[in-house]
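Fair warning: this is a prediction, and the values are worked out from it, not measured in the lab. Every chain is numbered from 1, with letters handed out A, B, ... down the list of sequences.
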2 protein chains.
Amino acid sequence: MSDTDRLPTWCAGNNWCAITATASLVGKKWHPVIIDRLLRNGALGFNDLQTEVDGISSKVLSESLDDLEEKRLVNRDVVNDKPVRVEYSLTELGESLEPVVRSLAEWGQKHLEPAEDESASLV
Amino acid sequence: MSDTDRLPTWCAGNNWCAITATASLVGKKWHPVIIDRLLRNGALGFNDLQTEVDGISSKVLSESLDDLEEKRLVNRDVVNDKPVRVEYSLTELGESLEPVVRSLAEWGQKHLEPAEDESASLV
DNA sequence: CGGTATCCTCATTGATACTG
DNA sequence: CAGTATCAATGAGGATACCG
């Protein structure tokens, strides 16, 4: 019931529907970071991932991972039973987000960072 | 003080800093739609914009516009004094977001929409 | 026309603690 | 190691009404 508003009814056939939907994916604060980490490092365990992201609580990481898994962007593989060892990795769909993430990163690097501090020239 | 966490300290020199910053821009639910509308239509008045977006309240539109203006993505021009006539348009910086928005849209169209409903063929 | 002002609800985050 | 449980705090989003 709560997921009926995921794709609003006014999201007819126009492409900003896809924009909104995608933005709600990568705009979830931690999602792009997690995806980035996974793109860079490949498979990571839960705590490794938490260390990599640095600043996220285990609860939020767990929820984010659930969300990303549900959306088929990450795989969760139990690679060992005892002691428990889990590895998170990107699915093909998740990896297909790379250009999107890169586009975000490039725009941000080009337009956002210099705006905050004009005293330093480009490195 | 509350804006000290806009760019978290752990956002060192890695590019996911830019990712996060950009994602927080275009991930604001209505922002990408507004930008899309402005990209398509050019300059729009407040109420026109509200009609275009369809579903946004004047309060949220107003706040979004403030936010976008503050980030130098949209211009607010008073083109007439009495009666008041205001036009919102994208700045160059705002227009430079087009590839980002397109990248979001393309990914969403390619990967998101077919997954939700496989019964209907493309229109 | 172009907004503000309230007030309210719900989603998201986060800290801390605890478990298999 | 890999999470879940709880609870508090924050804030974005929305409905409605009103103002210059």
Side-chain angles (χ1 to χ4, degrees), chain A residues 1-11 20 23-34 37-38 43-71 74-89, chain B residues 1-6 8-10 20 23-34 37-38 43-71 74-89:
Chain A
M1 43 209 68
S2 63
D3 59 2
T4 54
D5 56 352
R6 271 187 181 164
L7 289 180
T9 56
W10 39 265
C11 179
T20 303
S24 78
L25 267 186
V26 296
K28 294 226 73 173
K29 180 162 190 180
W30 293 110
H31 287 203
V33 187
I34 293 169
R37 285 321 185 188
L38 257 21
L44 285 174
F46 187 88
N47 285 320
D48 292 336
L49 198 46
Q50 188 175 4
T51 304
E52 282 292 328
V53 172
D54 189 26
I56 196 172
S57 70
S58 59
K59 178 202 156 200
V60 175
L61 178 56
S62 180
E63 285 172 355
S64 303
L65 253 13
D66 281 352
D67 192 33
L68 289 167
E69 206 187 337
E70 195 180 304
K71 278 155 181 156
V74 310
N75 286 316
R76 179 183 182 277
D77 296 308
V78 181
V79 295
N80 197 0
D81 242 24
K82 171 140 176 107
V84 197
R85 171 72 191 173
V86 179
E87 278 190 347
Y88 291 94
S89 56
Chain B
M1 41 211 66
S2 64
D3 60 0
T4 54
D5 57 352
R6 271 187 182 165
T9 56
W10 39 265
T20 302
S24 79
L25 267 185
V26 295
K28 294 226 73 175
K29 179 162 190 178
W30 292 110
H31 287 203
V33 187
I34 294 170
R37 285 322 186 188
L38 256 21
L44 285 174
F46 187 88
N47 285 320
D48 293 336
L49 198 46
Q50 187 175 4
T51 304
E52 281 293 327
V53 171
D54 189 27
I56 196 172
S57 70
S58 60
K59 177 204 157 199
V60 174
L61 178 57
S62 180
E63 285 172 354
S64 303
L65 253 12
D66 282 351
D67 192 33
L68 289 168
E69 205 187 337
E70 195 180 302
K71 278 153 182 158
V74 310
N75 286 316
R76 180 182 181 276
D77 296 308
V78 181
V79 294
N80 197 359
D81 242 23
K82 171 137 176 103
V84 197
R85 172 72 191 173
V86 179
E87 278 189 348
Y88 291 94
S89 56

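Scanning all heavy atoms of the two residues, the minimum distance from D77(A) to S89(A) falls at OD2-OG, 4.0 Å. The two residues S64(A) and W30(A) make their nearest non-hydrogen contact at OG-CB, 4.2 Å.
At whole-Å resolution of the value, CD in E87(A) and P in dA2(D) are 9 Å apart. Atom-to-atom, CG of D54(B) to P of dG14(D) comes out at 12 Å; the value is rounded to the nearest Å. Computed from coordinates, the E52(A) CD to dA2(D) C1' distance equals 17 Å when rounded to whole Å. Rounded to an integer number of Å, the gap from CG of L61(B) to C1' of dA15(D) is 15 Å. We find that CG of L65(B) is positioned 11 Å from P of dG2(C), with the value rounded to whole Å. Between I34(B) atom CD1 and dA12(D) atom C1' the separation is 14 Å, expressed in whole Å. The interatomic distance linking F46(B) (CZ) with dC1(C) (P) rounds to 11 Å, in whole Å. What separates CG of L49(A) from C1' of dC1(D) is a distance of 13 Å, to the nearest Å.
The closest side-chain heavy-atom distance from L49(A) to L38(A) is below 4.5 Å.
Among residues two or more places apart in sequence or in another chain, the side chain to side chain contact (heavy atoms under 4.5 Å, CB included) test is passed with E69(A) by D66(A), V74(A), R76(A). In this structure D48(A) satisfies the salt bridge (charged side-chain N to carboxylate O under 4.0 Å, His left out) test together with R85(A), sequence neighbours excluded. Q50(B) is linked by a side chain to side chain contact (heavy atoms under 4.5 Å, CB included) to F46(B), N47(B), I56(B), S58(B), L61(B), counting only residues two or more places apart in sequence or in another chain. For T51(B), there are no side chain to side chain contact (heavy atoms under 4.5 Å, CB included) partners two or more places apart in sequence or in a different chain.
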| field | Under 4.0 Å protein heavy-atom contact, by nucleotide of nucleotides 13-20 of chain C - B base, S sugar-phosphate only | value | BBB-B---
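Of the two residues near DNA chain D, P83(A) and D66(A), the one whose nearest nucleotide lies more 5' is P83(A).
Proximity of Y88(A) to the phosphate of dC1(D): no side-chain N or O atom is located under 4.0 Å from OP1 or OP2. For S62(A) and dT4(D), the shortest distance from a side-chain N or O to OP1 or OP2 is below 4.0 Å. Residue R76(A) places no side-chain N or O under 4.0 Å from the OP1 or OP2 atom of dA2(D).
Here the CG atom belonging to N75(A) is positioned 11.0 Å from the CD atom belonging to E87(A), to the nearest 0.5 angstrom. With rounding to the nearest 0.5 Å, the separation of CG in L65(B) from NE2 in H31(B) is 8.5 Å.
Terminal axes of the helix from dC1(C)-dG20(D) to dG20(C)-dC1(D) (five pairs each, C1' rotation axis) are separated by 50°, to the nearest 10°.
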